[in-house]
Amino acid sequence: MKFGDMPYERITYEEIEQRCRGLIEKMKAAESHGEAMEAVRGLYALQSDMTPIELCYERHNMNVNDEFYSAEQDYYDEIGPKITELFSEFDRLLLDSPFRTELENTLGAQAFRIMENGQRSFDSRLVPLLHEENSLMEQYNKVMSNLTADWNGKKVKPSTMAAELTSGDRETRRLAALAVSAAWEEKRGEIEEIYRGLVDNRNRQAKALGMKSYSELSCCLKNRIGYGLNEISDFRERVKKQIVPLNEFLTEHRKKRLGLDKLRFYDGVYFKDGNPLPLGGTEYCLGKTREMYHAMSEETAEFIDFILDNELCDAEIRDGKRDGGYMSYLEKYRAPFIFANFDGTSENAYIMCHEGGHAFQAYLKRNEEIRHKAQFTSESAETHAMAMESFAAPYMELFFGERAEDYRRMHLESAVRLIVSECQQDEFQQLVYDNPDMTSDEHNALWAKLSKEYFPSMDLSGNDNLERGCGWQRIQHNFFWAFYTVDYALAQICALEYYRWMESDKDAAWNSYLDFCRRTGGDSFPNLAKAAGLDDPFAEKTLRELAEWVRKRPAYRD
């Protein structure tokens, strides 16, 4: 069914509660593994019938100013914590079931580890706090989605200015970057107030559960299975030791290419004539996306036809549309959905590789009868996405023609930079949540300090907003998905491993990737990486060898 034809009708909390209570009673009364599984399958049916919640979320994000879907989203934000409470009660019965051994064999041990984290991270006392958190996140969503910059006498969304920000003309880049910063500066006080509220709220959630801070709670919420805060802290230090110098090395090469003695805050370009641009607009890029996935494999060909034929991708930028991109899943239709904002830059191709990787894995698991085995943790999910970027690299001529090699070089350098950036964000968040009395000025000062540690050669002078340390305010994850960003860094390590592997044995690398995607839901991220034949993404040896591989590539030999 095409996305636009999917009917919407509000599903009420009363309906969900009635059905879930019935399943809870059925689970309590179960006298065998088979009867317990009947209740589990009933839960799957309920989750399928809750698809209107996800459908509303997508249509609300397509236009946050649409009054109907805005009101519907407010309703779901209100009942969301109570739904979590119901499902938590059902999970508790699964964990305590006299048939747990048989249930683990059916649903998978990973599902039970995730349920155990769910129990540690939720309590009915959190419901009012979760309501408050949802309200604060929606406030940021509306600020961000309606943000406008003054450009050439017009009010425009900053997300539509990507072409100017990556122009080959340096003065255009400078003026565009200042216009965007002025837009964020105008909303700075409002954004800082929202963030202080979120930090306070989330730490109160942690304290209610007997934890020191939200940093500790995040390990349960993010299902850090097989590692925790200590391992993440060690990983960040290894990134500082191995990847930060690599990024500085690549930055020096970029400066030479651009003929500049210093990269300024407005030099978000990789080549003198600007970053490579796709050869056509939205329809062109979607058509080339289909060609790429058809050329890649039988599995990806079937997948992309399903997505595009059913219009399961919203790619156009519009006023009032939420920024960014993501993949979501419409359970009733077993359909991945790609939300994107094509801005006329290389992002048009990148996002269909990244979000396409998410959607491809969801498509591979769409017919999994045991829906618990279709669950994923975020670092595994980002490996699906970022590795797909690597496998897509040989097909970039479709989008960029003669500048395909420029895109591949830019993408590799951006991937290294991303590892550094995401670790900076993670350290920032941990320090903020572990020190809840910090003021907004101290948040900004902390970001400025960390920027100098992770990006030593960055020059922000002349941009008061960025120089003050307000760059973190533009990053959605700090508001919507706290502590998510280190998952990108870990996944990018795996993706670079696949890139290196692909160059020596493409078939073996691709088969490993397919296996990784299909195994997801059945094991933890560290175990999935090991089973796929990847080196340990946390290990300094892995980071050092990847850094050496990048440095020795022909493009960087002096």
Side-chain angles (χ1 to χ4, degrees), residues 162 166 270 275-308 312-315 324-328 336-364 376 380-401 403-419 422 487-488 491-503 506 509-510 512-514 516-517 520:
T166 56
Y270 289 77
N275 293 343
L277 299 175
L279 301 177
T282 297
E283 292 306 314
Y284 175 90
C285 289
L286 290 177
K288 294 304 178 183
T289 297
R290 192 190 294 266
E291 285 187 45
M292 175 184 73
Y293 282 121
H294 270 258
M296 195 178 292
S297 74
E298 291 182 4
E299 296 92 343
T300 51
E302 178 185 306
F303 148 73
I304 199 60
D305 285 346
F306 179 82
I307 294 292
L308 296 182
L312 292 163
C313 175
D314 179 40
Y326 59 82
M327 185 280 295
S328 62
F337 179 82
I338 296 174
F339 182 93
N341 278 277
F342 280 9
D343 57 12
T345 71
S346 59
E347 182 78 5
N348 292 22
Y350 163 82
I351 204 164
M352 294 309 291
C353 300
H354 183 93
E355 302 307 336
H358 285 305
F360 176 62
Q361 190 275 340
Y363 184 82
L364 285 177
F376 49 76
S380 298
E382 294 307 332
T383 301
H384 307 149
M386 291 174 162
M388 182 61 84
E389 297 170 33
S390 296
F391 288 111
Y395 305 98
M396 288 301 106
E397 275 77 6
L398 291 169
F399 297 92
F400 302 103
R403 295 205 67 189
E405 190 57 38
D406 284 350
Y407 174 83
R408 284 187 280 267
R409 187 169 183 177
M410 178 179 73
H411 179 265
L412 178 62
E413 293 179 15
S414 297
V416 171
R417 182 180 178 84
L418 180 140
I419 295 168
E422 307 300 12
D487 297 321
Y488 288 117
Q492 190 67 78
I493 297 297
C494 293
L496 288 176
E497 288 194 66
Y498 272 124
Y499 201 163
R500 181 178 60 184
W501 191 357
M502 179 185 71
E503 291 185 336
K506 182 179 179 181
W510 177 253
S512 166
Y513 173 70
L514 285 178
F516 188 106
C517 290
T520 298

A.B. asks: Using a 3.5 Å distance criterion without hydrogens, assess whether the side chain of Asp314 forms a donor-acceptor pair with backbone atoms of Phe339.
C.D. replies: no
A.B. asks: Report yes if some heavy atom in the side chain of Ser390 is under 4.5 Å from a heavy atom in the side chain of Leu496; otherwise report no.
C.D. replies: no
A.B. asks: Salt bridge between Arg409 and Glu413, side-chain N to carboxylate O under 4.0 Å?
C.D. replies: yes
A.B. asks: Taking the side chain as every heavy atom from C-beta outward, state whether Leu312 and Phe306 have any pair of such atoms under 4.5 Å apart.
C.D. replies: yes
A.B. asks: Using only atom types and a distance under 3.5 Å, with no angle test, would you say the side chain of Ser380 pairs donor to acceptor with the backbone of Phe376?
C.D. replies: no
A.B. asks: Report the C-alpha distance between Phe342 and Ile351 in whole Å, list the side-chain angles of each, state the deciding distance to 0.1 Å, and finish with yes or no for side-chain contact (heavy atoms from CB on, under 4.5 Å).
C.D. replies: CA-CA 8 Å; Phe342 280 9; Ile351 204 164; 3.5 Å; yes
A.B. asks: Does Glu382 use its side chain to pair, donor to acceptor, with the backbone of Ala491 at less than 3.5 Å?
C.D. replies: no
A.B. asks: Pair Thr289, Ile304 - check side-chain contact (heavy atoms from CB on, under 4.5 Å), show working.
C.D. replies: CA-CA 8 Å; Thr289 297; Ile304 199 60; 3.9 Å; yes
A.B. asks: Among Phe516, Phe303, Tyr293, find the one that has a ring pair (Phe, Tyr, Trp, His ring centres under 6.0 Å) with Phe360.
C.D. replies: Phe303
A.B. asks: Centres of the His358 and Tyr326 rings: under 6.0 Å?
C.D. replies: no
A.B. asks: Evaluate side-chain contact (heavy atoms from CB on, under 4.5 Å) for Phe399 paired with Met292, printing each intermediate quantity in order.
C.D. replies: CA-CA 9 Å; Phe399 297 92; Met292 175 184 73; 4.0 Å; yes
A.B. asks: Please report the interatomic distance CG(Asn348) to SG(Cys353), rounded to the nearest 0.5 Å.
C.D. replies: 11.0 Å
A.B. asks: Could you measure the distance from the CD atom of Gln492 to the CD atom of Glu497? Nearest 0.5 Å is fine.
C.D. replies: 11.5 Å
A.B. asks: Would you compute the distance between atom SG of Cys285 and atom CD of Glu347 and round it to the nearest 0.5 angstrom?
C.D. replies: 11.0 Å
A.B. asks: Please check if the distance between the ring centroids of Phe391 and Tyr498 is under 6.0 Å.
C.D. replies: yes
A.B. asks: Less than 4.5 Å apart, side chain to side chain, heavy atoms only: is that true for Leu418 and Tyr488?
C.D. replies: yes
A.B. asks: Go through the steps to decide whether Leu286 and Cys313 satisfy the test side-chain contact (heavy atoms from CB on, under 4.5 Å), and finish with yes or no.
C.D. replies: CA-CA 9 Å; Leu286 290 177; Cys313 175; 4.2 Å; yes
A.B. asks: Hey, what do you get for OG (Ser346) to CZ (Arg403), rounding to the nearest 0.5 Å?
C.D. replies: 10.0 Å
A.B. asks: For a side-chain hydrogen bond (donor to acceptor under 3.5 Å, both in side chains) check, start with the C-alpha distance between Thr166 and Tyr270, then their side-chain angles and the critical distance, and finish with the verdict.
C.D. replies: CA-CA 9 Å; Thr166 56; Tyr270 289 77; over 6 Å; no
A.B. asks: Please, which pairs that meet salt bridge (Lys or Arg N to Asp or Glu O under 4.0 Å) have at least one residue in residues 385-397, sequence neighbours excluded?
C.D. replies: Glu397-Arg408
A.B. asks: How long is the gap from CG on Leu364 to OG1 on Thr520, to the nearest 0.5 Å?
C.D. replies: 9.5 Å
A.B. asks: Which pair of heavy atoms, one from Ile493 and one from Ile419, lies closest together, and at what distance?
C.D. replies: CD1-CD1, 3.6 Å
A.B. asks: Before giving the answer on side-chain hydrogen bond (donor to acceptor under 3.5 Å, both in side chains), spell out for Thr300 and Ser297 the whole-Å C-alpha distance, their side-chain angles and the decisive distance to 0.1 Å.
C.D. replies: CA-CA 5 Å; Thr300 51; Ser297 74; 2.8 Å; yes
A.B. asks: Are the side chains of Cys494 and Met386 in touch, meaning some heavy atoms are under 4.5 Å apart?
C.D. replies: no
A.B. asks: Quick one, Glu302 with Tyr363, criterion side-chain hydrogen bond (donor to acceptor under 3.5 Å, both in side chains). Give me CA distance, side-chain angles, the key distance, then yes/no.
C.D. replies: CA-CA 9 Å; Glu302 178 185 306; Tyr363 184 82; 2.8 Å; yes
A.B. asks: Nearest 0.5 Å, please: how far is CG in Asp305 from CD1 in Ile307?
C.D. replies: 10.5 Å
A.B. asks: For residues Thr383 and Tyr513, report the shortest heavy-atom separation together with the two atoms involved.
C.D. replies: O-CE1, 4.2 Å
